[in-house]
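Below is one structure, written out as structure tokens; the observations come after it.
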Amino acid sequence: MGKKSRKRVTTTEKAARGGSLRGAAPGADYRVPIRDRTLNLGLCLATAILLALAFPPVGWWPVAFVALAPMLVAVVRAPSRGVLAISTFLAAVVFYAGELHWLAMPTVPGYVGAVLFCALFWPAFGLLAAYLVRQTRLPLAAVAPMVWVPLELLRSHLLTGFPWLLIGHSQAACPTLLQIVDLTGVYGLSALAAATAGLAVDTVTRPLFLRYGQRMRWSLSLKVSVVALAAAWAFVVVYGHYRLRPVAMADGPLVVVVQPNVPQDIREALIAADAPDRPLTLTDEAARARLLEDPAFADLMALTPQALAEHPDADLVVWPETMTPVPVNESLLRFDASASQAEARAWQLQMRTCWRMIHDLVAGSRRRLLVGSQVRELDAGGRYGPRFNRALLFAPDDREFTTAATYDKVHLVPFGEYVPFKESAPWLYGLLMGLTPYDYEYDLTAGKSLTRMELGPWRLAAPICFEDAFAGVCRRMVYDPRGDKAADFLVNISNDGWFPGTVELQQHWDLSVVRAVENRVPVVRSVNTGISGVIDSCGRTVVRVSDAAGHVRSVKGYAAARLELDGRRSVYGRYGDVFAVTLSLAACAAMIAAVVAAVRGRRGEAA
């Protein structure tokens, strides 16, 4: 005798019979699938468009808090996982292809790879969120931040990480809301945006009233979501005003930032056009003239004396990343090349002349000059060793061919500063070289420590290039393992001449704004082609290099400001990504609960 079949009674049928809906999984039976695939794709594309409006160049930052809403409708109404995955992926490709278009300037293959890498996280979000909504009683107001934030955290670390265009970064233009990042990191704002969009979708896709026994009442989950989100918004706004109130600051150094305006392709073209049979530079005058052929270096040598004449009391002058035409590190400068071939002697003469030209700018004063340079070390036998992307601090009392302090970039950019598998899989290394902007080997070596530099009574740390995109790197630069401030301010030196005039310059500036608030320190920026300036510890612009018309991109010049040092320590600086990790653990717990519920449901149906 076979098993008696049992008809499954849905919660909708329960309601029709007068039964209770308490305990029904929201979204399971209430949702009506949107079967039109074009409409599902359109909803996800609407999210891509709204997010693009929230970020520069448009910069409508309030839009970020509803941007995820259209895609969340697709999450709960898509007719199948396949439709949801394809729709979210295509929309993500559209968003990142537009916002990261500047990456195609140095490397089209690298641009395509970055777009596809970032785009994969949208279908992951859609599928995980849909599963949780279907299998649990959690509303989207809880599910959306619980899934979105862990994926942003993962994208920030996976394969060395690409923490660009996180939703929270869009709030760099809103100082009041931005202050919360000194507690939660940028992920707190991403969570707030996801939760707000989730609640908006909950109100239109879930019933506002449910039958409990014989009475209709407000949905308890919606009431809890509204109260919790209102409390979160109130806290963020009140905390922002509290943090922005005037507080006592200590006087810091007077800093001058110098900004050349030379696109990198011009510098690369000059290197490529340098004739191999050109006469050797065997005199100081010839070496000096050869060095000044680099237009960026020539700009800096012309602008710096002007800036110092206008600001003679400057404590620190800052140049951008990789601005010296030749390396200026000690091992190359002090090596005895007298017995070497004429080419080697001429090369060393250029390097020594470059060091003297830079050192002359600080000689006889009390100021320091921070310079970015690509360097190459020599081993004890005089053989070439590893290359580094280095920041060097020149001081008036430096011994000849030495510098007061150095820092080697720790977090290198994949395919921009190194290519993996050079030793372990040479064949794969050769293929991956196609993703780089170079037609020659340009592998750098990562530095070993996050060195801080002394500037009289002050201490600075110098994240190089995109290191200011990585919150963890900057946090460890500012705070020691005990949670005390070990640096008074950050100095970001970068060469954004790879992307002249593009939106990347504003996106990069916004990352430094977030780092300033997270760590409660001023951030100084000197960047080729822009944007250079000073940001205070509350994320507000103090000064930027600009021309007479107020343009800050693709201009050359200098700006100065005396830093105000913030004695406050931040929770984020002391404890890091505790907020994001906590949400990640909550997501794991919710997913385990969802899987258990699904298994039990299948067993119940089989019985």
Side-chain angles (χ1 to χ4, degrees), residues 249-262 288 291-292 294-321 323-324 354-373 391-398 403-404 453 455-458 460 462 488-497 505 509 512 516 522-537 540-565:
M249 299 280 184
D251 286 339
L254 177 60
V255 178
V256 174
V257 294
V258 187
Q259 175 177 306
N261 179 36
V262 181
R288 183 182 180 90
L291 293 168
L292 291 176
D294 182 331
F297 186 68
D299 278 354
L300 290 165
M301 291 302 300
L303 289 169
T304 302
Q306 297 175 28
L308 292 176
E310 188 174 330
H311 304 281
D313 296 331
D315 298 292
L316 176 67
V317 180
V318 185
W319 286 7
E321 169 198 23
M323 286 295 103
T324 62
C354 186
W355 183 94
R356 292 189 181 103
M357 292 171 69
I358 298 172
H359 189 264
D360 285 347
L361 296 172
V362 298
S365 71
R366 60 180 181 83
R367 70 180 67 96
R368 305 289 190 271
L369 175 59
L370 187 66
V371 175
S373 178
L392 304 100
L393 187 66
F394 283 76
D397 55 353
D398 288 335
T403 50
M453 302 180 183
L455 183 69
W458 307 293
L460 68 91
D488 298 303
F489 60 100
L490 293 172
V491 181
N492 173 231
I493 59 174
S494 187
N495 179 12
D496 285 359
L505 278 62
W509 171 274
S512 284
V523 176
V524 177
R525 300 192 79 233
S526 179
V527 184
N528 179 31
T529 74
I531 301 171
S532 304
V534 175
I535 304 161
D536 74 7
S537 60
R540 297 169 296 201
T541 298
V542 177
V543 67
R544 297 204 286 194
V545 175
S546 62
D547 62 12
H551 300 135
V552 296
R553 295 188 288 183
S554 299
V555 300
K556 66 180 180 180
Y558 53 86
R562 184 167 295 280
L563 304 186
E564 293 186 342
L565 305 182

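All heavy atoms count here, side chains included; hydrogens, waters and symmetry mates do not.
Judged purely by atom type and a 3.5 angstrom limit, Arg366 uses its side chain to pair as donor or acceptor with the backbone of Asp313. Without hydrogens or angle criteria, Asp294 side chain to Thr324 main chain gives no donor-acceptor distance under 3.5 Å. For the pair Ser365 (side chain) and Val362 (backbone), a donor-acceptor distance under 3.5 Å is present. Panel note: side chain His359, backbone Ala395; a donor-acceptor pair is recorded below 3.5 Å. Between the Glu321 side chain and the Asn495 main chain, a donor and an acceptor come within less than 3.5 Å of each other.
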For Thr541 and Trp509, run side-chain contact (heavy atoms from CB on, under 4.5 Å): C-alpha distance rounded to whole Å, both residues' side-chain angles, the deciding distance at 0.1 Å, then the answer. CA-CA 10 Å; Thr541 298; Trp509 171 274; 3.5 Å; yes

Would Arg367 and Leu308 satisfy side-chain contact (heavy atoms from CB on, under 4.5 Å), going step by step from the backbone distance to the final call? CA-CA 10 Å; Arg367 70 180 67 96; Leu308 292 176; 3.4 Å; yes

List the steps, then state whether side-chain contact (heavy atoms from CB on, under 4.5 Å) holds for Val262 with Lys556. CA-CA 9 Å; Val262 181; Lys556 66 180 180 180; over 6 Å; no

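Taken from CG in Asp536 to CZ in Arg540, the straight-line distance is 4.5 Å, to the nearest 0.5 Å. The CG atom of Asn528 sits 7.0 Å away from the CG atom of Asn261 when rounded to the nearest 0.5 Å. To the nearest 0.5 angstrom, Leu563 atom CG is 11.5 Å from Ile535 atom CD1.
Shortest non-hydrogen contact noted between Ile493 and Ala391 is CD1-CB, 3.8 Å. Closest heavy-atom contact between Val523 and Ala516: CG2-CB, 3.6 Å. Closest heavy-atom contact between Asp398 and Ala404: OD1-N, 3.1 Å. In terms of heavy-atom proximity, Leu505 sits nearest to Thr529 at CD2-O, 3.3 Å. Heavy-atom minimum distance, Met323 versus Ala296: SD-CB, 3.8 Å. Residues Ala462 and Leu370 come closest through the heavy atom pair CB-CD2, 4.2 Å.
Between Tyr558 and His311, the ring planes lie perpendicular to each other; the angle is over 60°, past the 30° to 60° tilted range. Between Phe297 and Trp319, the ring planes lie perpendicular to each other; the angle is over 60°, past the 30° to 60° tilted range.
The shortest distance between side-chain heavy atoms of Met357 and Leu292 falls below 4.5 Å. Put simply, the side chain of Leu393 reaches to within 4.5 Å of the side chain of Leu316, judged on heavy atoms.
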Show every donor-acceptor pair shorter than 3.5 Å between a side-chain atom in residues 249-260 and any protein atom, with sequence neighbours excluded, or say none if there are none.
| from | atom 1 | to | atom 2 | distance (Å) |
| --- | --- | --- | --- | --- |
| Gln259 | OE1 | Ser532 | N | 3.1 |
| Gln259 | OE1 | Ser532 | OG | 2.8 |
| Gln259 | NE2 | Val555 | O | 2.6 |

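For the pairing with Leu392, the side chain to side chain contact (heavy atoms under 4.5 Å, CB included) check across Leu369, Thr403, Ile358 returns one residue only, Thr403.
For Ser494 and Asp496, the side-chain atoms include at least one donor-acceptor pair closer than 3.5 Å.
The salt bridge (charged side-chain N to carboxylate O under 4.0 Å, His left out) check on Arg356 picks up Glu400, with sequence neighbours excluded. Contacts of Asp360 classified as side chain to side chain donor-acceptor pair (under 3.5 Å), with partners at least two apart in sequence or in another chain: none.
Atom CZ of Arg288 is surrounded by 12 or fewer heavy atoms from other residues, nucleotides or ligands within 6.0 Å.
With respect to Asp315 and Arg368, no salt bridge is recorded, no charged nitrogen being found less than 4.0 Å from a carboxylate O.
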